[in-house]
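Atoms considered below: every heavy atom in the structure, side chains included; atoms not considered: hydrogens, waters and symmetry mates. Every chain is numbered from 1, with letters handed out A, B, ... down the list of sequences.
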2 protein chains.
Amino acid sequence: MARPRTPLLSPDRIRDAALTLIDAQGLAALSMRRLADTLGVQPSSLYSHYATKDEVLDAVANRVVREVDTSGFARGWRDGLLIWARSYHSVLVAHPNCAPVIASGTQRREQFLEMANSVHGGLVGAGWPARRATEISGAVKYLVIGAASTPFGSGFADDVQVYLDRYPHLSQAHRLRHEANRIDHDSFELGLTSLIRGLEPGPGQTE
Amino acid sequence: MARPRTPLLSPDRIRDAALTLIDAQGLAALSMRRLADTLGVQPSSLYSHYATKDEVLDAVANRVVREVDTSGFARGWRDGLLIWARSYHSVLVAHPNCAPVIASGTQRREQFLEMANSVHGGLVGAGWPARRATEISGAVKYLVIGAASTPFGSGFADDVQVYLDRYPHLSQAHRLRHEANRIDHDSFELGLTSLIRGLEPGPGQTE
DNA sequence: CTTGCGAACCGAATGCTGTTCGGTTAATAT
DNA sequence: ATATTAACCGAACAGCATTCGGTTCGCAAG
């Protein structure tokens, strides 16, 4: 085959296929060869649309982060932070295999800058000094990224009994392996609400 | 060469060389070939000591996490959490290229279980219910891992001027690129102290 | 004291990986 | 009609983790 009459590929099609592959098979399963396979195409053809694999991953990251809701700051900075953080968190929970891509991503990606800009603006608009706004949004981001990067759910060995005598304090936590998702969610919620509650004293002017 | 009179390799030597290589050149620079090179050995020889590259990375992760201080709970749970989190954070700051390894690591690794066990024990000993202790340590862990995984310092494009008009709220934050380390540190500190301050109501019995 | 065995290393090979390059055809712009 | 560019293929390259058979050494048992 040479050039087809109607294009087989497009940046969006490739990006979506990559996301589907990552969601279904994991980040390690994404290779240009496999990606090309699912699109019915040779690997080298992908390079007509993306210069490198990293660019594909950037597109995937942008696609995922695009879903994050930063509109809550109209209802005050506390609600704004809560809505943003929960939205960000739930988006990453929906695409857990993308977490490393999002986490390690450079701040160069457009959707990330868009999001950071909205959050920062929301905080400054509510009266926080710029520097403090940066720190607050940074701290909340850390919480979101951390929650997505090291879930309880992934990881514990299947034979729980092994630990019980060696790590006595963990026995309670381990019993709950099947409740890992709930633990993850509750830990994140506790961290988020506590962090926001603990911010002092709050911006003076607008509330 | 066949078998040398005195062994050239040992698990510890390999693990330390891997950590040195990661620290100096980045995680992507660690390959079994390069690792073997720095040790003056053929790649296949490494497999006499570690079954896979992942096992090498596990050893590195354990080595790094071993340095984390969990002894602070003798001075109460607040100090315990603070000391643990700051110690964990500073260890990861000292080995930033290891962050993805630590973050994505399964909870199977010994030093991680040791650490989790100590923290959980410290919280329960101070009166927190087991479930709450799990959530608290989880939330703090999220903060630490997130801070290590997405530092401000890495990532912004070098030509800052590009952003200024497109993302007006970010201009303040961007001006501080050269202060990225300070921002990272302050954000983490703000998140940590706020989170701990915001924990309510605190365990009843022991304080 | 020698015999046997496992440990430690080498060297070559296997099947992946991302990426490049020259070639071919189709669409588009002039 | 002609030139250019875009989209694809097929073959190749270097580097990757890992495996395997072979060699030599240290050590322990008889």
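- For the pair B:L30 CG and D:dA17 P, the interatomic distance rounds to 7 Å; values are reported in whole Å.
- With D:dC8, C:dA8, C:dT17 as the candidates, the nucleotide lying closest to the side chain of B:P4 is C:dA8.
- If you find the closest nucleotide of DNA chain C to A:A28 and to A:S44, the one lying nearer the 5' end belongs to A:A28.
- Taking only side-chain nitrogens and oxygens, B:R34 never comes nearer than 4.0 Å to OP1 or OP2 of D:dG15.
- Taking atom CD1 of residue B:I14 and atom P of nucleotide C:dA7, one finds them 15 Å apart after rounding to whole Å.
- At least one side-chain nitrogen or oxygen of A:S45 sits closer than 4.0 Å to the OP1 or OP2 atom of D:dC9.
- Nucleotide C:dA7 holds its C1' atom 13 Å from the CG atom of B:L8, rounded to whole Å.
- Between the side chain of B:S187 and the main chain of A:G138, no donor-acceptor pair closer than 3.5 Å is present.
- Using a 4.0 Å cut-off, no side-chain N or O of B:H49 falls inside it from OP1 or OP2 of C:dA7.
- Looking at A:R182 and A:D186, a side-chain N of the basic residue comes within less than 4.0 Å of a carboxylate O on the acidic one, giving a salt bridge.
- When rounded to the nearest whole Å, the span between OH of A:Y47 and P of D:dC13 equals 17 Å.
- Between B:E114 and B:R66 there is no salt bridge, since none of the side-chain N atoms of the basic residue sits less than 4.0 Å from a carboxylate O of the acidic one.
- The CZ-P distance, from A:R33 to C:dT20, rounds to 13 Å in whole Å.
- Atom pair A:R5:CZ and C:dA27:P shows a separation of 6 Å (rounding to whole Å applied).
- Toward the 5′ end of DNA chain D lies the nearest nucleotide of B:A51, the other residue of the pair B:T6 and B:A51 mapping further downstream.
- Considering only side-chain N and O atoms, B:Q42 lies nowhere under 4.0 angstrom from the phosphate OP1 or OP2 of C:dC9.
- Contacts of A:S31 with the nucleic acid, taken as non-hydrogen atoms under 4.0 Å apart, involve only primed sugar atoms and P, OP1 or OP2.
- Straight-line distance from the NZ atom of B:K53 to the P atom of D:dC16: 9 Å, rounded to whole Å.
- In summary, A:R15 and A:D12 engage in a salt bridge, as defined by a charged side-chain N under 4.0 Å from a carboxylate O.
- Note that the CZ atom of A:R13 and the OG1 atom of A:T38 stand 8.5 Å from one another [nearest 0.5 Å].
- Note: CG (B:L46) to C1' (C:dC10) measures 12 Å, nearest angstrom.
- Side-chain atoms of B:P7 lie closest to C:dC9 of the nucleotides C:dC9, D:dC8, C:dT17.
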